[in-house]
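Sending over a structure as structure tokens; questions will come in a sec.
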Number of protein chains: 2
Amino acid sequence: MTTPPRFDPRRTLTLRDVSEASGVSEMTVSRVLRNRGDVSDATRERVLEAARTLGYVPNKIAGALASQRVNLVGVIIPSLSNMVFPEVLTGISDTLEDTGLQPVVGVTNYSPEREETVIYEMLSWRPSGMIVAGLEHTDAARAMLAQAGIPIVEIMDIDGTPVDSAVGISHRRAGRQMAEAIIAAGYRRIAFLGTMMPYDHRAKKRLEGFEDALSKAGLTLADREFYSGGSALLKGREMTEAVLKRSPDVDFLYFSNDMIGAGGLLYCLAQGIDVPGKIGLAGFNGVELLDGLPRRLATMDACRLEIGRRSAEIIAGKHEGTIGGEVIELFPTLQPGDTIRR
Amino acid sequence: MTTPPRFDPRRTLTLRDVSEASGVSEMTVSRVLRNRGDVSDATRERVLEAARTLGYVPNKIAGALASQRVNLVGVIIPSLSNMVFPEVLTGISDTLEDTGLQPVVGVTNYSPEREETVIYEMLSWRPSGMIVAGLEHTDAARAMLAQAGIPIVEIMDIDGTPVDSAVGISHRRAGRQMAEAIIAAGYRRIAFLGTMMPYDHRAKKRLEGFEDALSKAGLTLADREFYSGGSALLKGREMTEAVLKRSPDVDFLYFSNDMIGAGGLLYCLAQGIDVPGKIGLAGFNGVELLDGLPRRLATMDACRLEIGRRSAEIIAGKHEGTIGGEVIELFPTLQPGDTIRR
DNA sequence: ACAGCGGCTGTTAGCGGTAACATAACCCGG
DNA sequence: CCGGGTTATGTTACCGCTAACAGCCGCTGT
């Protein structure tokens, strides 16, 4: 299956074309286009003019091979539809903006094997750095990252051992904190509603921390419900209904993310349930969407923007003087909203 | 600013390393790793073994330069936080999956200049094809795309002249259809609520089609309200409140997207307004989120997955026999939901 | 026995740029 | 008016890989 020019039979332009059109050497053209080295204003103008009229677009493949420099940063995330990651990406892009570096996104769909493949593909383009969500990877993936000889930043989570650097929050601690707040508010029969995905390690860690704090207070989860796939908002409604039918006496619902939490909240409101009097609710992430809900769901922001920023700074080498291997812990703030009794 | 090996001082591996480790020529190693040409099982094994133990990751930069083949497809979209585009991307990835092609995403933030830059950067990696959202680009961007000599597919919208191929819906027609449905349901004092963004061409076209149909029925918009930035759900509430206060007699709210529509719906329900009796509502996109709302907002799906699929098929050359320049119009279906009188 | 062929491996010459090192032209003061 | 330092441009040798072709071997049919 060859790929002959299906469209434009013209050969694509090279430096040589520009050099001939402007009557200087390829090297000089290269210098002009990269703004490097001394070139007289006269020739610079002529070259730029020629490049512009020809419509020359430099070939970064050749450039990267020759200079051994690639201005790409690989960013590996589990999903784009999660609300969370686009915001992390924003933080990354914003920070990378003025460094000449460019993020390239790979999506794993929460599959470790897929992640391994994506990392391999990405590394084969020899990026200047990699930002990878999570600390859990296949052995092969971890080995590749460690071998790559570039800065690696694992983000979102710091409960574990990073390959190189890490920026994130402690999800165990986050779960614990939320549990403590809930207990302090006087709730006692607490249910957990979350994803079933076996590879959502961070949700799992939050739950662990949560149960930990419960048991320290002599409590255990009154009920639990899991889901996978589908519209999170709808699932939130359905799960809430299921839990409340099955365990009518629960007085708190802890959701593993804000979307299902929002669904649960809408359900409770529609049923005329007294929130937070009879039942309290809490989610996780602090997504913007919550601002538009009739009542503000209690949540904890995951420092998404900040995580993006800090990780990009590490890649961009803004922490000069360190040799990598940093671990930056951020501390999410609990936003009590209107769904936990004061 | 050089980039000396901050981390791993070891030279990164090349084909030569694998070739020496396995005692065959670089060419044979290359053949093994690409599964191309005849290699005896014995040597294949030895080579794979060597590559594996060394942890060799091929250098696609060099490969691409030598073979003049790049397995990347550029995908240029305005935003990732729009709900809409992640789904288009899913369609694209799924279709590209088994073609050996890989999507690379660029985000423009609805800025034409940014789009031009992103397209330039993307083209400089010499991708096998480009998928670009929208038909409106700067002249320079359009010229670059036309010159690139690769398949170009402009998606989402077909109301205009594509550079090469296009896959999408007619937003003018979509607006018109919605207006007709609303009028047919007996609403007469209709308001529009939407984005202020000057570069949301598709929302603009929907509004044009909408007003067109209104005026054919002898109607004009009773009110209009615009927003920019912030949480769309919250903005929806606020705008709805503003419109209802200003024009208490409107009987229909047409939102330029589902998120603000959902906000408006939640507001109306919270106010105890009779929906769709006193006021009808409609949005656009058919986002999954709506499934979780207390009442189903009337909307029109934008064929997002299908657009992704079809555009990827064009790039992958699955429409053999055509020379490009296809325009594929998809037809969105109106989902009346529960917010338009029957 | 030998031309012919298919299977397997190696050699050579780039791909389109850039680093590093010439080289040429010009300028200055002593 | 010439040595030495700019400034502006050109030359050469790769970067790591692959296309294209060349070579070698053993086997086949006649």
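Residue numbering restarts at 1 for every chain, and letters A, B, ... go by the order of the sequence lines. None of the values given here were measured: they were computed from a predicted structure.
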* All salt bridge (charged side-chain N to carboxylate O under 4.0 Å, His left out) counterparts of A:E113, not counting sequence neighbours ->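 Here no residue qualifies.
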* Mind grabbing the angle between the end helix axes of the helix from C:dA1-D:dT30 to C:dG30-D:dC1? Five pairs an end, 10° rounding. =>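 The two end axes of the helix from C:dA1-D:dT30 to C:dG30-D:dC1 meet at 40°.
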* Selection: residues 17-49 of chain A, any non-hydrogen atom under 4.0 Å of DNA chain C ->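 By residue number: A:M27, A:S30, A:R34.
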* Asked: Listed by chain and number, what are the side chain to side chain contact (heavy atoms under 4.5 Å, CB included) partners of A:P162, not counting sequence neighbours?
  ->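 Testing A:P162 for side chain to side chain contact (heavy atoms under 4.5 Å, CB included), a comparison that skips the adjacent residues, returns A:L135, A:E154, A:A166, A:V327.
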* For DNA chain D, find the residues of residues 59-67 of chain A with a heavy-atom distance under 4.0 Å and give them by number; none if there aren't any. =>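 Within residues 59-67 of chain A, the residues near DNA chain D are A:L65, A:A66.
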* Which residues share a side chain to side chain contact (heavy atoms under 4.5 Å, CB included) with B:E87, sequence neighbours left out ->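 Partners of B:E87 by the side chain to side chain contact (heavy atoms under 4.5 Å, CB included) criterion, ordered by chain and then number, come out as B:R304, B:L305.
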* Asked: What residues, two or more places apart in sequence or in another chain, satisfy side chain to side chain contact (heavy atoms under 4.5 Å, CB included) together with B:A143?
  ->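 With neighbours one apart ignored, the set is empty.
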* Who are the salt bridge (charged side-chain N to carboxylate O under 4.0 Å, His left out) partners of A:D17, not counting sequence neighbours? ->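 A:D17: salt bridge (charged side-chain N to carboxylate O under 4.0 Å, His left out) contacts with A:R11.
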* Please say which of A:V88, A:D94, A:T90 ends up in a side chain to side chain contact (heavy atoms under 4.5 Å, CB included) with A:I92. =>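 In the set A:V88, A:D94, A:T90, the residue that makes a side chain to side chain contact (heavy atoms under 4.5 Å, CB included) with A:I92 is A:V88.
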* Only counting residues at least two apart or in another chain, list the ones meeting side chain to side chain contact (heavy atoms under 4.5 Å, CB included) with B:M122. =>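 Testing B:M122 for side chain to side chain contact (heavy atoms under 4.5 Å, CB included), a comparison that skips the adjacent residues, returns B:I76, B:V104, B:M130.
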* **Listed partners of B:E26 passing salt bridge (charged side-chain N to carboxylate O under 4.0 Å, His left out), at least two apart** =>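 So B:E26 forms a salt bridge (charged side-chain N to carboxylate O under 4.0 Å, His left out) with B:R16.
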* If a pair satisfies side-chain hydrogen bond (donor to acceptor under 3.5 Å, both in side chains) and one of its residues is in residues 43-55 of chain B, list it, with sequence neighbours excluded. =>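 Every side-chain hydrogen bond (donor to acceptor under 3.5 Å, both in side chains) pair that includes a residue of residues 43-55 of chain B, provided the two are not neighbours, is B:S40-B:T43, B:E49-B:R52.
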* Excluding sequence neighbours, so at least two apart, what forms salt bridge (charged side-chain N to carboxylate O under 4.0 Å, His left out) with A:R142? ->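 So A:R142 forms no salt bridge (charged side-chain N to carboxylate O under 4.0 Å, His left out) with any residue.
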